[in-house]
Amino acid sequence: MALRTRITELLGIEHPIVQGGMQSVGLAEMASAVSNAGALGMLTALTQPSPDALRDEIERCRSMTDRPFGVNLTVFPTMNSPDYRGYAQAIIDAGIRVVETAGTSAVAELWEMFKAADIRILHKCTSVRHAVSAERKGVDVISIDGFECAGHPGEDDVPGLVLIPAAADQVKIPMLASGGIGDGRGLVAALALGADGVNMGTRFCATVEAPIHDKVKQAILANDERGTNLILRKFHNTARVAKSAVSDEVVRRLAAPESTFQDVAPLVAGAAGRVVLKTGDLEAGVFWASMVQGLIHDVPTCSELVARMVAEAEAIIAARLGRFIGQPVPAAVR
Ligand SMILES: Cc1cc2nc3c(=O)[nH]c(=O)nc-3n(C[C@H](O)[C@H](O)[C@H](O)COP(=O)(O)O)c2cc1C
């Protein structure tokens, strides 16, 4: 048995599971392992220092898998913008067939480049209105990130249980549910809520192949569902990161009414986060992780994880859910 959805059809993958773009994690080791497991792996463009380096990373990933993989390109609201068009051109030149985009509305300019190259666009967003707008502008798939997610959950705070069906009511193109998904139960729930598959970040960080330090994987296992902090809200750029002494300190400093970004800049800097992931020094900065940490208890290979999720999902659909249909109501409760 296999789960066939509009996502498996459209992306030419075996299982309706996508690995979301992850800064400093979305390297060839990660993306190829996910794709070899029959899901869709994703390189992260801005993890590479230049468009040329991205071209090399795409080739490196191709040497590690003959399955489809995509590239994430996230447009951040920063003053010193990276060469987004250069990265997009590198993706096009390398013959990539699927991109995941995310970030500010400036991303629409890149969609035109990708559409002209007949590349499938998965756009990740955190609200129904942005999903509807992206569909209208011609993206191929909506990836909708509930409030549980790692990274940027937006400012509306709508969890997946409401956000996914609310989006499914309005979006006609295939949809991925994202945020807080880590096992077969989440996959079945996503399908039940109207999605065609799932997107996962944190769960893929706790796998053998994730190119991050084992201490970070162990921190993810140790954290439960309460193990995150929301930071930077006062700058309308809310981020969900793992709870740690450093992210607690960020929360503490920003609680002061007169606090500014400069008060926390060294703690939340991307460079500091890279040190955490590379060295396992959890005191060096913050790292992204979601509420799904509460459902993560092991570090499997990507292929073990994907196979287990799909088997769980199939068992839930075939055995558990079917049990609830057509049961006569016991006399005691009639
Ligand atoms: C370590 C890490 C780095 C991330 N970096 C990015 C990024 O650069 N761009 C992006 O669009 N999303 C990024 N995300 C978000 C994921 O792609 C995905 O949307 C999110 O993790 C889904 O929630 P989950 O962690 O509960 O599965 C990141 C997530 C993690 C865990």
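Each ligand, and each atom within it, is numbered from 1 in the order the structure gives. Small disclaimer: the values here were computed from a predicted structure and weren't measured.
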Could you find the nearest protein heavy atom to [atom] and give me its residue, atom name and distance?
atom	result
atom 22 (C) of ligand 1	S178 OG, 3.3 Å
atom 24 (P) of ligand 1	S290 OG, 3.5 Å
atom 4 (C) of ligand 1	M22 CA, 3.4 Å

### Task
Examine the side chains of D196 and T5 and answer whether a donor and an acceptor come within less than 3.5 Å of each other.
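Checked: D196/T5 side chains show no N/O donor-acceptor pair below 3.5 Å.
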### Message
Quiz question: by atom type and distance under 3.5 Å, do the side chains of S290 and E148 form a donor-acceptor pair?
### Response
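Per modelled atom types, S290 and E148 side chains form no pair under 3.5 Å.
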### Mode of T202 contact toward ligand 1 - side chain, backbone, both, neither (heavy atoms, under 4.0 Å)
both
Hey, is [X] close enough to [Y] for a salt bridge, meaning N to O under 4.0 Å?
X	Y	value
E29	R60	yes
E249	R253	yes
R252	D263	no
R203	D298	yes

Mark up the atoms of ligand 1 that fall under 4.0 Å of a heavy atom belonging to [X], in ascending order.
X	value
G180	24 (P), 26 (O)
C149	22 (C), 23 (O), 26 (O)
A102	11 (O)
N199	18 (C), 19 (O)
W288	1 (C), 2 (C), 3 (C), 30 (C), 31 (C)
T74	7 (C), 8 (O), 9 (N), 10 (C), 11 (O)
Q23	3 (C), 4 (C), 5 (N), 6 (C), 7 (C), 8 (O)
N72	9 (N), 10 (C), 11 (O)

### Query
Is it true that atom CG of L161 has more than 12 heavy atoms of other residues, nucleotides or ligands lying nearer than 6.0 Å?
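No, not enclosed.
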#### Entry: R97 CZ: over 12 foreign heavy atoms closer than 6.0 Å
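Yes, enclosed.
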#### Entry: D145, any N or O under 3.5 Å of ligand 1 N or O
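Yes.
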### Query
For G21 and ligand 1, does the shortest N/O to N/O distance drop below 3.5 Å?
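Yes, G21 has an N/O under 3.5 Å of an N/O on ligand 1.
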### Nearest-option assignment for atom 15 (C) of ligand 1, heavy atoms, candidates G201, A150, G20
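The option holding the nearest heavy atom is A150.
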### Message
I want to confirm something. Looking only at heavy atoms, which of Q19, H152, K124 is nearest to atom 12 (N) of ligand 1?
### Response
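Comparing heavy atoms across Q19, H152, K124, the nearest one to atom 12 (N) of ligand 1 lies in K124.
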### Message
Looking at ligand 1, would G151 count as a contact under a 4.0 Å heavy-atom criterion?
### Response
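It does not, in that no heavy atom of G151 comes within the 4.0 Å cut-off of ligand 1.
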### Query
Taking a hydrophobic cluster as the set of Ile, Leu, Val, Met, Phe, Trp and Tyr residues connected by side-chain heavy atoms closer than 4.5 Å, whether directly or through intermediates, do M309 and L221 fall within one such cluster?
yes
### Task
Answer yes or no for R240 and F147: cation-pi contact, defined as NZ/CZ to six-membered ring centre under 6.0 Å and angle to ring axis within 45°.
yes
### Message
For the backbone of I17 and the side chain of H15, can you confirm whether one donor and one acceptor N or O come within less than 3.5 Å of each other?
### Response
no
